[in-house]
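To keep things clear, I will list the structure first and then write my remarks on it.
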Number of protein chains: 2
Amino acid sequence: MKDQDGSITADDVAVLAGVSRWTVNRAYKKEASISVKSREKVMKAAETLGYVPDLLATSLATDRTNLVALLVDDFANPHKLVMMERLTRILRKSGYDTLLVNTSDEEDASAALLNASQRRVDAAVLIGVSFNDQSLEAALGAKRVKKLIVFARMSGNDNTISICCDDSASMTALTQYVFSAGYRNPVFIAGPQTQSAHLQRKEVFLSQWERTAGKRPDFLPVGSYDPKMAYDLIAKTFRGLAKSELPDVLVCENDALAMGAIDAIRYELGLQVPGDIAVTGFDDVPQAASPHYELTTYRQPLTDMAKALVDVLEGKSNSKDLNTFLGRLVTRESA
Amino acid sequence: MKDQDGSITADDVAVLAGVSRWTVNRAYKKEASISVKSREKVMKAAETLGYVPDLLATSLATDRTNLVALLVDDFANPHKLVMMERLTRILRKSGYDTLLVNTSDEEDASAALLNASQRRVDAAVLIGVSFNDQSLEAALGAKRVKKLIVFARMSGNDNTISICCDDSASMTALTQYVFSAGYRNPVFIAGPQTQSAHLQRKEVFLSQWERTAGKRPDFLPVGSYDPKMAYDLIAKTFRGLAKSELPDVLVCENDALAMGAIDAIRYELGLQVPGDIAVTGFDDVPQAASPHYELTTYRQPLTDMAKALVDVLEGKSNSKDLNTFLGRLVTRESA
DNA sequence: GATATTTTTGCACCCGCGTGCAAGAAAGTT
DNA sequence: AACTTTCTTGCACGCGGGTGCAAAAATATC
């Protein structure tokens, strides 16, 4: 029995179909020169044998794996789950599979990256946050990685393609909304301050607000996009302050921070949201819609961004301006 | 230049080191018979050239990819994020990479699965929920998948290895806790009722409670492990009922449902948790600890389970009793 | 110093499929 | 019918490395 080890090769199909192995493979190639008869014979034989072409061998021969490494380092943020779902689904639709690489452990990050490159991924997509320059550099150092893409985040590195929504436009919209809603004393809750790949939300908000309201707001950087961390920091920072010393709105860099903020305001400061302090987020994670948070936030056009990613992978990305995606402000009760 | 296309092969290293290609490869094999001198020469040459063995070629030759497909179909449950983090990290530590396969789209599920098998994954790990029998069957049909593992869930299929915590023990503990806390009128909030791979929590709870309190509780099946769905169903089911008609505790199959339940109780029924209706969950997702939920729940020993998974992958799993992991009850304010 | 052992190394062939080219078959021309 | 042109097909060789065995080198034995 040929298939006793469970693997049927093109050769097996070839003998059954009465053609050569190469004809078998041609049958699977869309634009191959092969007669309809042969293709049918092959396909029928393939079906009865349960043959499927081996992607390993194909990849080795073509130097194209149709594999994308997705580097994630921040599993505390529920938005990552949303991104993963969207990316894997859309990538799959275009024929790509996703290698999930956990880079949350600093030590293992470069090893994991090296490993992915040894698998000759067609591209590495970073949806992490605290990618310090070493990690990025390591990624670039792995020559085998043909493309390095920073997703949903700007990149300062030239060897990198970044696909993200227009932080400037989005934060401007948010700023205007917050201002016109009557808030006058905001504090910006920022995430980790990274160098290579970062968000511009803080800068945009601070300068936009200054331009609009005349004074530059304070900001509070949280060590990571973790609701708990935001909770603790906000509790620590604002506890015991008089009403007049408190901000009237916390503009948070994303929903993870915003949810921590809301909890802290309610359960540590004993205040109302939005009555005493309003809160805004960014991302529109599923939980943001819960009646408990009712978070005013900004939803990125993830599907479009993912499609742009596919275009980049297939080399048909027209230009470099992939940082101008526009999402939409989702206004709820929290501000 | 050899490396103009970015790929240095063992041959390149061989000429630099002045040995044959085979000696180069031997240098990378731990128990290979090679003189220390040669190994050093090779390693030095490899380093200056930046050589790393190609995993694609290795996999093809050895029929071992060190790749595990992780099939996920339920991205609404934050616990999935926790599992993914844990699994990817521990698998990586043992030399495995993870292929993330999104099977949430029913149509694409089998295609995705087929694709994974074409990559000759060493195993497919299901951490999904609504795997109906077709999906499972499809997975088994893909001969190339050497092992099929159902993680954190029982499997009725014999060709499948299931690694999960002891639903019986855990739910018994939970039942006892709830009963001794004085609750007498529980309703069980169940997830989708699947066949092949399912949880036994409902059955265990119902029978345990019957044994303890004398009467079999009602249960409410939710279409998916989605907080929103649970929210809507609970709102619809209990709205307008008199206090006496309401349960005093909702025992939920997992935290996702429990969080939806809590929100519904508070924001739709206008009642207190746990004052009017208490709630318990299962999984101990990060959000369960938030002051808003303070959810009493049960934490599975994910790390141990992941390690057991590695044992299975490496073929050194002693027996079939991988369903007896014990977690611990985490008691908080919600019940 | 010659022979027997053991260690190290090289090599042919294989994993499953892709590419470019040349031979063979089919279709089109006059 | 003989000859072109076009379509199909087969094949050598390559992708990068693993395996088992035999030749070569190093070491041990008497």
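Bear in mind the structure is a predicted one, so any value in this text is a computation, not a measurement. Naming convention: chains lettered A, B, ... in sequence-line order (proteins, then strands); numbering from 1 in each chain.
The nearest whole Å value for the distance from the NZ atom in B/K30 to the P atom in D/dG18 is 15 Å. Following rounding to the nearest Å, A/R119 (CZ) and D/dG17 (C1') show an atom-to-atom distance of 15 Å. Going from atom CZ of B/R64 over to atom C1' of C/dC15 covers 16 Å, rounded to whole Å. The CG-C1' distance, from B/N25 to C/dG10, rounds to 13 Å in whole Å. The distance from atom CH2 of B/W22 to atom C1' of C/dT8 is 15 Å, rounded to the nearest whole Å. Separating the CG atom of B/D11 from the P atom of D/dC15 is a distance of 9 Å, rounded to the nearest angstrom. The distance between atom CZ of A/R21 and atom P of C/dC17, rounded to the nearest whole Å, is 7 Å. The CG-P distance, from B/D12 to D/dG16, rounds to 9 Å in whole Å.
Backbone-only contact: A/I34 has heavy atoms under 4.0 Å from sugar-phosphate atoms and none from a base. Counting non-hydrogen atoms under 4.0 angstrom, A/S38 reaches the backbone sugars and phosphates but no base. B/T23 comes within 4.0 angstrom of sugar-phosphate atoms only, judged by non-hydrogen atoms across all strands, and of no base.
Side-chain contact check for B/N323 and B/S162: at least one donor-acceptor pair (N or O, by modelled atom type) lies under 3.5 Å. B/S94 and B/E314 are not linked by any side-chain donor-acceptor pair at a separation below 3.5 angstrom, with hydrogens and angles left out of the test.
Listed nucleotides D/dT19, C/dG10, C/dC17 differ in distance to A/A61; the shortest reach to its side chain belongs to C/dC17.
Remark: side-chain polar atoms of B/S117 are not paired, donor with acceptor, to backbone N or O of B/V145 under 3.5 angstrom. Counting only distance, with no hydrogens or angles, the side chain of B/K147 and the backbone of B/V312 share a donor-acceptor pair below 3.5 Å.
Checking A/R39 against B/K29, the closest nucleotide of DNA chain D that is more toward the 5' end is the one next to A/R39. If B/L60 and B/S33 are placed on DNA chain C by their nearest nucleotide, the residue sitting closer to the 5' end is B/S33.
Contact annotation: A/Y51 reaches the phosphate of C/dC17 (side-chain N/O to OP1 or OP2, under 4.0 Å). In terms of phosphate contacts, B/S35 brings a side-chain nitrogen or oxygen within less than 4.0 Å of OP1 or OP2 of C/dT9. Dashed line: the shortest gap from a side-chain N or O of B/S20 to OP1 or OP2 of C/dC11 is not under 4.0 Å.
Between the base of D/dG17 and the side chain of B/R26 there is no donor-acceptor pair shorter than 3.5 Å. Below the 3.5 angstrom threshold, one finds no donor paired with an acceptor across the side chain of A/R120 and the base of D/dG16.
Here B/R89 does not pair with A/D105 in a salt bridge; the nearest charged N to carboxylate O distance is not below 4.0 Å.
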